Amino acid sequence: MLDEILSTLKSQAVPDLMNKIGLNDQQANNSVHAAADSVKQVIGGGDGFGLDDMLNLFSSAQNNSNADGILSNISQVFNGKLTSDVGLSAQQAGGVKDLLLPMIMNLISGKVGGNANNLQGLLSAFTGQGGGLADMAGGLLKGLFK
């Protein structure tokens with residue numbers, strides 16, 4: 001699922017990044033990877049948010065406040081990667097973030113669609129854990145009980 005999302009994002013976003021923002025091919029491709037890495041870093045960490053918030057984030061429903069918090073985290077991590085790892089200026093990073101973040105969230109939401117089993121597949125891809133939804137829930141909730 002993750003490879004399919006990344007492939008689709010590349011095919012849709014790289015031309016736009018080059019034409020609309022003026023990135024070169026390497027910057028555009030690295031920006032797409034930074035978007036995927038940012039989602040993976042925040043979602044894979046599972047720090048302090050629950051499965052219901054993740055299901056809300058990756059559905060067609062309006063985000064609740066916790067889902068908005070996850071999205072804000074992803075946005076901050078992504079912006080940092082764009083300026084430090086990809087080497088974009090703050091202005092370029094803002095344009096890339098505004099273009100790519102909605103695209104990747106829509107692609108992931110289309111795959112998950114608010115379905116817990118689909119979310120399990122995504123989380124397994126992000127964390128490398130294949131232990132099932134119960135194991136993932138335990139991992140996501142561990143931060144709540146410290």
Side-chain angles (χ1 to χ4, degrees), residues 1-21 23 25-88 90 92-144:
M1 180 187 319
L2 190 56
D3 290 338
E4 184 181 339
I5 290 169
L6 188 57
S7 175
T8 302
L9 184 63
K10 272 186 178 184
S11 69
Q12 292 177 357
V14 167
D16 282 349
L17 290 170
M18 294 172 71
N19 294 328
K20 293 180 180 177
I21 300 179
L23 302 185
D25 186 58
Q26 182 179 1
Q27 290 172 319
N29 279 294
N30 288 345
S31 294
V32 169
H33 284 286
D37 288 346
S38 299
V39 173
K40 183 176 180 178
Q41 180 179 330
V42 172
I43 301 304
D47 296 330
F49 49 83
L51 288 175
D52 55 338
D53 300 324
M54 300 252 307
L55 282 171
N56 178 244
L57 179 64
F58 298 122
S59 73
S60 59
Q62 183 174 350
N63 285 353
N64 63 29
S65 61
N66 291 335
D68 278 340
I70 297 167
L71 185 59
S72 176
N73 254 359
I74 293 169
S75 179
Q76 289 175 351
V77 169
F78 184 34
N79 197 62
K81 286 183 182 295
L82 290 170
T83 55
S84 65
D85 297 351
V86 181
L88 301 181
Q92 287 174 311
V96 169
K97 184 182 63 150
D98 290 346
L99 181 76
L100 280 183
L101 196 56
M103 289 176 88
I104 195 167
M105 297 308 291
N106 285 335
L107 286 169
I108 294 171
S109 295
K111 295 292 181 192
V112 172
N115 181 298
N117 289 327
N118 293 344
L119 178 61
Q120 177 184 348
L122 176 71
L123 292 173
S124 294
F126 282 157
T127 63
Q129 298 175 356
L133 194 56
D135 289 346
M136 183 55 61
L140 287 171
L141 296 173
K142 72 178 181 206
L144 296 176

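Please read these numbers as outputs of a predicted model, since none were measured by experiment.
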Donor-acceptor under 3.5 Å (S7 side chain, D3 main chain): no
Distance in Å, L119 CG paired with L55 CG, rounded so as to fall on 0.5 Å steps: 5.0 Å
Between OG on residue S59 and CG on residue D52, distance to nearest 0.5 Å: 11.0 Å
Nearest heavy-atom neighbours spanning Q92 and L23: NE2-CD2, 3.8 Å
Side chain to side chain donor-acceptor pair (under 3.5 Å) against D37, all qualifying residues, sequence neighbours excluded: none
Contact check, side chains of L100 and L17, non-hydrogen atoms, under 4.5 Å: yes
Point-to-point distance, once rounded to the nearest 0.5 Å, from OG1 of T8 to CG of N106: 12.5 Å
Sequence-distant partners of S75, side chain to side chain contact (heavy atoms under 4.5 Å, CB included), two or more places apart: K97, L101
Side chain to side chain donor-acceptor pair (under 3.5 Å) against Q26, all qualifying residues, sequence neighbours excluded: none
Any pair counted as salt bridge (charged side-chain N to carboxylate O under 4.0 Å, His left out), so long as it reaches residues 102-123, sequence neighbours left out: E4-K111
Enumerate donor-acceptor pairs with a distance under 3.5 Å from any side-chain N or O in residues 77-88 to protein atoms, sequence neighbours excluded.
from	atom 1	to	atom 2	distance (Å)
K81	NZ	Q41	OE1	3.2
T83	OG1	N79	O	3.3
T83	OG1	G80	O	3.2
S84	OG	G80	O	2.7

Partner residues of S109 under the side chain to side chain contact (heavy atoms under 4.5 Å, CB included) criterion, sequence neighbours left out: F58
Side chain to side chain donor-acceptor pair (under 3.5 Å) partners for N115, two or more places apart: none
Listed partners of D16 passing side chain to side chain contact (heavy atoms under 4.5 Å, CB included), at least two apart: K20, L99
Minimum side-chain heavy-atom gap I43-V39 below 4.5 Å: yes
Given L71, L57, D53, the one that forms side-chain contact (heavy atoms from CB on, under 4.5 Å) with N66: D53
Partners passing side chain to side chain contact (heavy atoms under 4.5 Å, CB included) against D25 (at least two apart in sequence or in another chain): V14, M18, N29
I5 side, atom CD1; M103 side, atom CE - distance, nearest 0.5 Å: 13.0 Å
